[in-house]
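Just below is one structure, and these are the notes that go with it.
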Amino acid sequence: MKKLMLGNAAVARGAYEAGVSVVASYPGTPSTEITENIVKYDEIYAEWSPNEKVAAEVAIGASIAGARSMSCMKHVGLNVMADPVFTVSYTGVNGGLVFCVADDPGMHSSQNEQDSRHYAEASKIMMLEPSDSSECKEFTKLAYKLSEEYDTPVFLRLSTRVSHSQSLVEECERENVELKPYEKNIGKYVMMPGNAIKRHVDVENRIAALKEYAEISDINEIEDNNSKIGVITSGISYMYSKEALGDKVNYLKLGMVYPLPVKKIQEFAKNCDKVYVVEELDPVFEKHCKSIGVDVIGKDVFTLLGEYTPTMIKNAVLGETANECALIDETIPVRPPVMCAGCPHRGTFYVLKKLGLVVSGDIGCYTLGAVAPLQSVDTTICMGASVSAAHGMSKARGKEFNKKLVSVIGDSTFMHSGITGLVDIVYNKGNNTVIILDNSITGMTGHQDNPTTGYTIRGEETVQVNLVSLCKSIGVKNVVVADPFDVKNFEKVVKEEVEKDEPSVIIAQRPCALLKSVKYTGKCKINDNCKKCKMCLKLGCPAISFDGENIKIDKTQCNGCGLCFNVCPFGAMEKEE
């Protein structure tokens, strides 16, 4: 039976049909739905791990124990898990092991554009790249076959458009895969220098064998349309190329993007007068082609930046133009990103802006604290960096600067990689103030549970990490829990904690407004006490606006959270049930 599936859902189906037993991941757009769909299959153990490194190690351990396993992450998550990934390239596998990495060209929800094909080459791990949902499922199953045949982990590379687009997928029965026997093998799995040197030989021999496989594999497919123009491409770029160019060119569609074939590319190019390489992000294919003596046209006509479109490809290859989309005469209002109405972080950033503090920020919904009118966040680097970077800023500029400085980090991000930064502050005699924005969920990626929520990925009750106890166990003596919507008290708490000459943690505790358990009632409205002072506008709430004459509240957006009540100095806000 065929079903319409997201690419991510198709990967999950492929893992199920391949007999996968263990999946460990950390949520990250655009990869999150892979693991969320895997939860639908009771035969597979699935978990949200505290971070991607832990997730990779769980999957590696399951593989060594004989199970087919998987770990899924976005491209920046691959940075976090790189350490064990590079080493498992040397150890090889027992049960099949697949790492699903989703790149984000265009940075729809990421802090950078990063091409994960470089990781495949650097770690010497095979990488496959599907172009639609059907291939997502089939390439996942193939990845396990190749993993066990060549004793290697395998990368499955996706992109935002492949992960989040839908196409038909044929569902098949689950393969009954028994656990591989577990045998102690110190030479293979204990990567101390003497053993690793020997395993490096196996890695190079494996790559040589995979290069031969790349020449004969049917996922590296030539489509001959009797044209003198050739296009070498993969993934979503293949789909865009087909839409733009149709049968006017020949195609070499690369399903295996590392290692790349040599002879197949050379033979393909011989039959063409011009060969274009169409690949989003970096010129990985282009450099390979030129290194083997194939003259291609690539980044001299295509951009290194963002996503491609069929129109862009059509113009570059055929010199033809077409409208990107239908045009309308009306002006479309802009929709800048903004924290939701009722967001618990809004009260925090309102206070930090009012106090004029330097704010070391982190990755999550709360990064939007950098957006007008709040404009509180000074820096955002990567997961967990708010804590460590603030420690560095403090050491660089001294104690007095530190009293103007705070870190903000979400509860999930704190569990991911903020704890070690806080340990660093305590151990190295810092006196930074860290604000943990505890909204009771992993918010930005769509409400996934984490170790602070008390529930597993399947909604089962589990031990809930107590943030107060955790921070105190690290050595932080000053730990305060405060409601960021109680603006006056929260301001008082922040002022007190930043003045202290020792580490301090403020837990800004209020649940995400979008959680089903949050039941705000009624709508806020403006009464006759309004003096048009515009203090409420400083909150940046999307429900509150000024039309040039009056303050207005949009009832379709207001959820009755009441934060504006605590900011208005004249009592001009009231609740309308």
Side-chain angles (χ1 to χ4, degrees), residues 26-29 31 49-56 73-84 101 104 107 109-114 116 119 337 339 345 348-349 352 357-371 374-398 401-402 404-439 442-445 450-452 467 470-471 474 476 497-498 503-508:
Y26 182 83
T29 307
S31 71
S49 303
N51 63 33
E52 293 88 353
K53 180 177 183 291
V54 172
M73 78 298 304
K74 67 184 294 178
H75 60 291
V76 287
L78 182 51
N79 301 334
V80 179
M81 65 184 284
D83 193 2
V101 55
D104 190 18
M107 295 180 284
S109 58
S110 307
Q111 65 267 43
N112 64 32
E113 287 183 304
Q114 180 178 303
S116 295
Y119 269 104
M339 288 183 284
H345 307 323
T348 299
F349 288 117
L352 299 182
L357 298 177
V358 175
V359 179
S360 179
D362 223 295
I363 303 296
C365 301
Y366 47 88
T367 310
L368 291 169
V371 176
L374 294 167
Q375 295 178 302
S376 299
V377 176
D378 289 60
T379 65
T380 298
I381 303 166
C382 65
M383 297 280 280
S386 61
V387 183
S388 324
H391 178 58
M393 294 166 80
S394 172
K395 292 299 182 183
R397 301 196 68 91
F401 179 78
N402 190 60
K404 303 174 184 176
L405 171 69
V406 296
S407 301
V408 292
I409 185 168
D411 52 332
S412 179
T413 310
F414 182 70
M415 298 306 301
H416 179 284
S417 48
I419 298 172
T420 47
L422 188 57
V423 170
D424 187 40
I425 289 171
V426 175
Y427 173 64
N428 286 300
K429 301 181 179 180
N431 66 325
N432 300 66
T433 299
V434 175
I435 302 177
I436 301 175
L437 305 172
D438 182 9
N439 66 345
T442 307
M444 190 175 188
T445 49
N450 65 66
T452 71
L467 289 172
L470 176 60
C471 293
I474 289 170
V476 181
E497 296 308 310
V498 296
S504 176
V505 170
I506 302 168
I507 301 174

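Remember, predicted model here, so these are calculated numbers, not experimental data.
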> Any side-chain heavy-atom pair from Met81 and Tyr26 closer than 4.5 angstrom?
Replying inline: no
> Do Ile474 and Ile419 come close enough that some side-chain heavy atom pair is under 4.5 Å?
Replying inline: yes
>> Test side chain to side chain contact (heavy atoms under 4.5 Å, CB included) on Cys471 and Leu422; report intermediate values, then the result.
In response: CA-CA 8 Å; Cys471 293; Leu422 188 57; 4.0 Å; yes
> Would Thr367 and Val377 count as a side chain to side chain contact (heavy atoms under 4.5 Å, CB included) if you check the C-alpha gap in whole Å, the side-chain angles of each, and the deciding distance to 0.1 Å?
Replying inline: CA-CA 7 Å; Thr367 310; Val377 176; 5.5 Å; no
> Is the closest side-chain heavy-atom distance between Leu467 and Val505 below 4.5 Å?
Replying inline: no
>> Between Glu113 and Asp104, is there a side-chain heavy-atom distance shorter than 4.5 Å?
In response: no
> Do Thr442 and Asn450 have a side chain donor and acceptor closer than 3.5 Å?
Replying inline: yes
> Looking at Ser116 and His75, what are the two nearest heavy atoms and their distance?
Replying inline: OG-CB, 3.8 Å
>> Nearest 0.5 angstrom please: Met383 CE to Gln111 CD, how far?
In response: 9.0 Å
> Ala508 and Thr348: which non-hydrogen atoms are nearest, and at how many Å?
Replying inline: CB-OG1, 3.8 Å
>> For Val54 versus Ser49, what's the shortest heavy-atom pair and its separation?
In response: CG1-CB, 4.0 Å
>> What I'd like to find out is whether the side chain of Asn432 reaches to under 4.5 Å of the side chain of Asn402, using heavy atoms alone.
In response: yes
> Between atom OG1 of Thr413 and atom CE of Met444, what is the distance when rounded to the nearest 0.5 Å?
Replying inline: 9.5 Å
> Which pairs, with at least one residue in residues 374-389 and sequence neighbours excluded, count as a side-chain hydrogen bond (donor to acceptor under 3.5 Å, both in side chains)?
Replying inline: Asp362-Ser386
>> Apply side chain to side chain contact (heavy atoms under 4.5 Å, CB included) to residues Val476 and Val426 and explain how you reach the verdict.
In response: CA-CA 7 Å; Val476 181; Val426 175; 3.7 Å; yes
> With a 4.5 Å limit on heavy-atom distance, are the side chains of Val434 and Val406 in contact?
Replying inline: no
>> Tell me the closest heavy-atom pair linking Cys365 and Met339, and the distance in Å.
In response: O-CG, 4.2 Å
>> Could you walk me through whether Ser110 and Lys74 satisfy the side chain to side chain donor-acceptor pair (under 3.5 Å) test, starting with their C-alpha distance in whole Å, then the side-chain angles of each, then the deciding distance to 0.1 Å, before giving a yes or no?
In response: CA-CA 9 Å; Ser110 307; Lys74 67 184 294 178; 2.9 Å; yes
> Do the side chains of Leu352 and Val408 get nearer than 4.5 Å, heavy atoms only?
Replying inline: yes
> Looking only at heavy atoms, which two atoms of Val76 and Gln114 are closest? And how far apart?
Replying inline: CG1-OE1, 4.1 Å
> Looking just at side-chain N and O atoms, do Asn439 and Tyr366 make a donor-acceptor pair shorter than 3.5 Å?
Replying inline: no
> Glu497: what forms a salt bridge (Lys or Arg N to Asp or Glu O under 4.0 Å) with it, not counting sequence neighbours?
Replying inline: Lys500
> What is the distance from atom CD1 of Ile435 to atom OG1 of Thr433, rounded to the nearest 0.5 Å?
Replying inline: 7.5 Å
> How many angstroms lie between CG in Asn79 and CG in Asn112, if you round to the nearest 0.5 Å?
Replying inline: 7.0 Å
>> Are the side chains of Leu368 and Val371 in contact, using a 4.5 Å heavy-atom criterion?
In response: yes
>> Nearest 0.5 Å, please: how far is OG in Ser109 from CD1 in Ile363?
In response: 10.5 Å
> When you look at CZ of Phe401, are more than 12 heavy atoms from neighbouring residues, nucleotides or ligands closer to it than 6.0 Å?
Replying inline: yes
> Would Glu52 and His416 count as having a side-chain donor-acceptor pair, cut-off 3.5 Å?
Replying inline: yes
> Stepwise, does the side chain to side chain donor-acceptor pair (under 3.5 Å) test hold for Asp411 with Thr452?
Replying inline: CA-CA 7 Å; Asp411 52 332; Thr452 71; 3.1 Å; yes
> Would you find a donor on one side and an acceptor on the other, under 3.5 Å apart, between the side chain of Lys404 and the backbone of Val498?
Replying inline: no
> At what distance, to the nearest 0.5 angstrom, does OG of Ser360 lie from CD1 of Ile381?
Replying inline: 6.5 Å
>> Looking at every heavy atom in both Asn431 and Ser394, which two are closest together, and how far apart are they?
In response: OD1-OG, 4.0 Å
